[in-house]
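One structure is given here, and the rest of the page talks about it.
Throughout, protein chains are lettered first and strands after them, A, B, ... in sequence-line order, and every chain is numbered starting at 1.
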Amino acid sequence: MEKEVAIVGAGQTPFVRKCGISISELCFHAFKESLQGTRLKRADIGASVICSATEYDKQRSPAGVISEFLGLEGKPTFCVESLCCSSSSGLKTAYAMIKSGLHDVVLVVGFQKMSELTSGEAAERMGRSGDVMWESPLGMSMPAAFALFASSHMAEYGTTGEDLARVRVKSSMYGALNERAAYRKNITVEEVMKSPVIAAPLKVMDCCANADGAVALVLAGRDCAKRFTDKPVWIHGLGASSSSATLSNRRLFSGIQCARDAAKDAYRMAGVGPEEIDVAQVHDCFTITEIINYEDLGFAKPGEGVRLLDEGQTSLGGKIPTNLDGGLLSKGHPIGATGAGQIRTIFKQLRGECGRTQVAGAKIGLVHNLGGPGIYCYVTILGRD
Amino acid sequence: MGLERFGFKSFVRDVKGDEFVKGLEEGKVTLTQCRRCKKAVFPPRSSCPECWSEEMDWVEVEGHGRIVAFTTVFYGPAGFENLTPYILGVVEFPSGVKMFGQVEKDAAGEEVRVGEKMKVVAVRTGEGMVSYLFRKVQEG
């Protein structure tokens, strides 16, 4: 069946600890790059979807300010937010805008500037992404939520801190190969195990770091995609779901239910199963999350995620190469930009543009993007054809 | 006497919650139960998530639960720096209700474990605030 919507251009700023520029300038650099190598002109953009988590910088309603800066005044624009999967939900929104026939070409820009806050202030914002009435007042934090999941996974499957450390080792190897990643050093298991504990069992090196960055994706409908590029990447599957925001009402702690549900929907829409995915990006906000993601996506059975990693199946040359751009752990996690960043990596993989980390002959790729402690999940399946 | 007085640091204003806070003041940890379909709900609500009835009763949390997941937090968000290390956990009660909360630090310094038996107790957290904590129950 012919696919309706394609990604025709993508651009990304380096992800850095402190960008030193405004959010508009961040978005401009990403947008400018997204048009390079395409036959797109700025005037082709029919609308923009601006994606970012709230309260990290001081600009209220950033869509208007950014749209103006990008030269898109006069075109409809608005913000989409779903915490760490804001730009994946932005892509879904743009897909619907095109598929419905309302627009032919839509720009999705995900951005985040986190460096205006101290890490304690940023952690406080993240603590307030849980239920602010009942759970934030008790000291909820993002590492704490995922540490809770880790304790359940460890109790059920015997997972250890060293198992988690090996996730970081793999990530660091690919981060070292990614010029746009914030962390470019190879890390050892020993270094992970010696790093200070944030929320047990998660240590500093089990956690992704805050970062500044922006990613732009240009989406076009079937009728015009080939006008703009000879190598459009088609959206084959979209799945999304939500789990309770309150940890009190989660039914599953050793996995993330909304990720399982979102994956099922995406696979069904794309008409593929996990074994047919050639390359993937999964939401490795913490080391434990990558293991859980493998299991939620059906790359491994529950409890066998660590084995999949240790067999090298999620490294280049393995069955399901995952996070070959370094993932969130090595790139850094500029919240609103992360989903679009994951999508851009798969876009490049499917166009054969990944150089040393290229998965030979990749035809179908998957992006798995969580929001907060798995309150939201968006799974996107892309194809070369 | 609303929810502004609940927890270790509050972020809310004008959201009611008086009954819950009053219960904690009186040493009672409560949840809400739907009068119509009997569903027990935590966090407490003025409406039933199951059948949408708006007739909810306040009921004391009874008995012992077990730890489902836990962590010791060494680095807390802004406002919680002075509390670290603190232990967070989710406890499941026999009725099926689960509660997220802080776990009382064990006097003997013993580690918390998944499956460990806990009861929930009301506590004062300083500056007129109240909350609840999970406390270990001796097995046997």
Side-chain angles (χ1 to χ4, degrees), chain A residues 55 117-158 195-204 206-207 244-255 286 288 373, chain B residues 2-13 15-17 20 31 41-45 49 67-93 96-103 111-116 125 129-133:
Chain A
E55 296 193 53
L117 300 179
T118 65
S119 60
E121 287 168 338
E124 186 261 8
R125 299 327 184 242
M126 291 180 209
R128 281 192 289 114
S129 54
D131 187 315
V132 82
M133 287 171 62
W134 297 102
E135 300 196 348
S136 311
L138 304 179
M140 210 291 266
S141 73
M142 214 47 61
F146 283 93
L148 286 177
F149 302 154
S151 74
S152 174
H153 200 273
M154 288 168 146
E156 197 159 343
Y157 303 118
S195 60
V197 181
I198 300 290
L202 300 177
K203 308 164 195 63
V204 167
D206 286 302
C207 308
S244 69
T246 57
L247 294 169
S248 295
N249 284 291
R250 287 289 170 96
R251 282 179 281 271
L252 182 64
F253 288 86
S254 59
F286 300 92
I288 178 63
Chain B
L3 224 54
E4 298 84 358
R5 297 190 42 224
F6 168 65
F8 294 86
K9 176 179 174 178
S10 180
F11 300 98
V12 297
R13 286 160 64 148
V15 292
K16 299 204 292 193
F20 184 72
L31 49 71
V41 179
F42 192 85
R45 291 173 52 139
I67 292 261
V68 170
F70 71 96
T71 181
T72 304
V73 179
F74 290 90
Y75 181 80
F80 293 86
E81 305 93 330
N82 297 333
L83 285 173
T84 57
Y86 56 89
I87 306 171
L88 292 172
V90 177
V91 172
E92 181 163 15
F93 290 87
V97 165
K98 290 194 289 295
M99 292 176 70
F100 166 82
Q102 283 200 16
V103 181
E111 279 279 298
V112 177
R113 275 188 305 280
V114 169
E116 190 138 31
T125 56
M129 308 267 286
V130 287
S131 188
Y132 56 84
L133 283 182

Go through the atoms of [X] and report whether side chain, backbone, both or neither lie under 4.5 Å from a heavy atom of chain B.
X      : answer
A/M154 : neither
A/S136 : both
A/A155 : side chain
A/T118 : neither

Parallel, tilted or perpendicular: rings of B/F20 and B/F6 (30°, 60°):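 It falls in the perpendicular class, over 60°.
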With side chains defined as the heavy atoms from C-beta onward, is the minimum distance between A/N249 and B/P43 less than 4.5 Å? yes
Is any side-chain heavy atom of B/R5 less than 4.5 Å from a side-chain heavy atom of B/S10?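 SC-SC contact between B/R5 and B/S10 ruled out.
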Counting heavy-atom pairs under 4.5 Å with chain B, which one of [options] comes out on top?
options                        : result
A/S254, A/G120, A/S248, A/P143 : A/S248
A/A123, A/S151, A/A150         : A/S151
A/A144, A/P196, A/S141         : A/A144

Presence of salt bridge, A/R125 and A/E121, under 4.0 angstrom: no
Check whether B/V73 gets within reach of chain A through its side chain, its backbone, both or neither, counting any heavy atom under 4.5 Å.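 Both backbone and side chain.
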Under 4.5 Å heavy-atom distance to chain A, tell me which part of B/V12 shows up: side chain, backbone, both or neither.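 Contact with chain A involves the side chain of B/V12 alone.
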ring-ring contact (aromatic ring centres under 6.0 Å, His included) partners for B/F80, two or more places apart: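 Counting only residues at least two positions away or on another chain, B/F80 forms no ring-ring contact (aromatic ring centres under 6.0 Å, His included).
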Nearest 0.5 Å, what's the CE-CG distance between A/M140 and B/L88? 9.0 Å
Which of B/V97, B/V90, B/V112, B/T125 touches chain A most, by non-hydrogen pairs under 4.5 Å: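 Answer, by heavy-atom pair count under 4.5 Å with chain A: B/V90.
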Is it the case that the side chain of B/Y86 and the backbone of A/G139 share a donor-acceptor pair, with hydrogens and angles ignored and the cut-off at 3.5 Å?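 Here the side-chain-to-backbone pair exists.
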